[in-house]
Amino acid sequence: PEVSSTAFVKLQPRTLAHQVIDALVAGAAEGLFLPGDRIIETELALQLGVSRVPVREALRVLESQGVVVNVMYDSVGLSALARYDFMRALRLQPDMADAYNFIGIQHTVSGDFEQAYDAFDSALELEPKYQYAYLNRGIALQYDGKLALAINDFQQFQAMKPDDPYRSLWLYLAQVEHSAPQALETLTKHQGALDKKAWSSQIVAFYLGQISEADLLKAASTDVTEPRQLAEQLCEVYFYLARWHGLKQNPTQAVAYYKKSLATNVYEFVEHRYARLEMTRLRQAVVEQGHEQEHEQTPAPADTQDSGHAH
């Protein structure tokens, strides 16, 4: 059968400007530039190995689409504005995997899991090796009670960079819900491949019982060269201590650490993104547990019928 000539849209080659756009959006997502930072054309062109012309064109496109603005919104915690601007950007440039990832995160935080899955799936369709879509989809799946699928995503995320301590931690936090001994065994196995220079390897050491809580807190603030770095490491350490205390059935201490993590205001970190949601879930679990205990302790109503009477 003949195929209509109007059935397909011709594919367009990727210009240098589009490649610069991809690099800028990915860089913003990874925190390479922060809210208020000036983007200097000459410096950016030098870093990317291109002339100023595609850089200027890329910045003009991003500004017109609101992408630079919406990444900044997300970085300062204005999630509603960030989601709106990412949606607007996608209408103009529907092949931005980073934007789909951000939108998926916002849906996860809101509990809209089906929409979150659609967004993460779209990101992975565009870029099959988009690593953080696996992480964030895994988190959504875990919150939605789909533990086996979540563990699969965390395993893929960990395998992409085995020396990253955070990836082993997220996998552990999912596996421990299925089998604590297996999760501990896997984390122990992964520790050998971790980057020992990364301060976060100390979090893994703490989870494995190799250092104390006080030692871990001290490690988070040791060899820190600037306030921003301190805020980031405290955001992380408070979050993972909160998760650990939650696993140990210490909800009061866990909530206290979640509050400290949120107080660092490192909005773009995955730990900060999910700290409030984790705290809410923990409080709900405590309330439900209290109701169950009250129900168990409530005495059964006395039998008012006289067993000596025939009916």
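Sequential numbering from 1 along the given sequence is applied to the chain's residues. Only a predicted model underlies this, so the values are computations on that prediction, with no experimental measurement involved.
In this structure, Ala140 and Tyr117 approach most closely via the heavy-atom pair O-OH, 3.6 Å. Summarising the geometry of Pro54 relative to Leu16, their closest heavy-atom pair is CB-CB, 3.8 Å, with the distance given to 0.1 Å. Residues Ser168 and His190 come closest through the heavy atom pair OG-CB, 3.5 Å. A pairwise comparison of heavy atoms in Ala97 and Leu126 identifies N-CD1, 3.9 Å as the closest pair. Here the closest non-hydrogen pair linking Pro165 and Ser201 is CG-N, 3.7 Å. The two atoms that bring Phe154 and Ile139 nearest to each other are CZ-N, 3.5 Å, heavy atoms only.
Residue pairs meeting the salt bridge (charged side-chain N to carboxylate O under 4.0 Å, His left out) criterion with at least one member in residues 253-262, sequence neighbours excluded, do not occur. Residue pairs meeting the salt bridge (charged side-chain N to carboxylate O under 4.0 Å, His left out) criterion with at least one partner in residues 142-169, sequence neighbours excluded, are Arg137-Asp153, Asp144-Lys146, Lys161-Asp163, Asp164-Arg167. Sorted by first then second residue, the salt bridge (charged side-chain N to carboxylate O under 4.0 Å, His left out) pairs that include residues 191-217, not counting sequence neighbours, number zero.
Between the CG atom of Leu217 and the CG atom of Leu241 there is a distance of 5.5 Å, given to the nearest 0.5 Å. The line from CG of Leu171 to CZ of Phe157 is 11.0 Å long, rounded to the nearest 0.5 Å. Leu262 CG to Arg273 CZ: the interatomic distance, rounded to the nearest 0.5 Å, is 13.0 Å. Annotation: the span from Leu282 atom CG to Thr252 atom OG1 amounts to 8.5 Å, rounded to 0.5 Å. Distance CG/Asp118 to CG/Asp112: 11.0 Å, rounded to 0.5 Å. In this structure, the separation between OG on Ser221 and CD on Gln229 is 10.5 Å, given to the nearest 0.5 Å.
The closest donor-acceptor contact from the side chain of Gln210 to the backbone of Phe206 lies at 3.5 Å or more, if one exists at all. Side-chain atoms of Gln142 come within 3.5 Å of backbone atoms of Leu173 as a donor-acceptor pair (strictly under, hydrogens ignored). Formation of a donor-acceptor pair under 3.5 Å by the Ser261 side chain with backbone atoms of Cys235 is found in this model.
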Starting from the C-alpha separation in whole Å, work towards a yes-or-no answer on side-chain hydrogen bond (donor to acceptor under 3.5 Å, both in side chains) for Tyr166 and Glu236.
CA-CA 10 Å; Tyr166 300 109; Glu236 294 167 340; 2.6 Å; yes
Kindly determine whether Val270 and Tyr132 satisfy side-chain contact (heavy atoms from CB on, under 4.5 Å), including the steps that lead there.
CA-CA 10 Å; Val270 65; Tyr132 287 94; over 6 Å; no
Stepwise side-chain contact (heavy atoms from CB on, under 4.5 Å) check, Arg281 with Tyr143
CA-CA 9 Å; Arg281 286 163 54 87; Tyr143 286 151; 3.4 Å; yes
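The side-chain heavy atoms of Phe269 and Phe239, taken from C-beta on, include no pair separated by under 4.5 Å. Taking the side chain as every heavy atom from C-beta outward, Val176 and Leu184 never approach each other to under 4.5 Å. For the pair Thr108 and Phe120, the minimum side-chain heavy-atom distance is below 4.5 Å. No side-chain heavy atom of Gln175 sits less than 4.5 Å from a side-chain heavy atom of Tyr172. Contact check for Leu124 versus Tyr134: side-chain heavy atoms found under the 4.5 Å cut-off. Between Asp223 and Trp199 the shortest side-chain heavy-atom distance does not fall below 4.5 Å. Annotation: side chain of Gln202 is not in contact with side chain of Lys218 (no heavy-atom distance under 4.5 Å). Annotation: side chain of Leu194 is in contact with side chain of Gln191 (closest heavy-atom distance under 4.5 Å).
With respect to Arg228 and Glu232, a salt bridge is recorded, a charged nitrogen being found less than 4.0 Å from a carboxylate O.
In terms of hydrophobic clustering, with Ile, Leu, Val, Met, Phe, Trp and Tyr side chains grouped at heavy-atom distances under 4.5 Å, Leu216 and Leu230 are assigned to a common cluster. Leu46 and Val50 are not part of a single hydrophobic cluster, where members link through side-chain heavy atoms under 4.5 Å apart. In the hydrophobic cluster analysis, where Ile, Leu, Val, Met, Phe, Trp and Tyr join through side-chain heavy atoms closer than 4.5 angstrom, Leu48 is grouped apart from Val53.
Atom CZ of Arg276 has 12 or fewer heavy atoms from other residues, nucleotides or ligands within 6.0 Å. Other residues, nucleotides and ligands contribute more than 12 heavy atoms inside 6.0 Å of the CD atom of Glu177.
For the 3.5 Å distance criterion, the side chains of Asn136 and Tyr130 fail to qualify, holding no donor opposite an acceptor. A donor atom on one side chain and an acceptor atom on the other are not found under 3.5 Å apart for Tyr258 and Gln253. If you check the side chains of His107 and Ser110, you find no donor sitting under 3.5 Å from an acceptor.
Using the six-membered ring where Trp is involved, Tyr238 and Tyr257 have ring planes that are parallel, under 30° apart on the 30 and 60° scheme.
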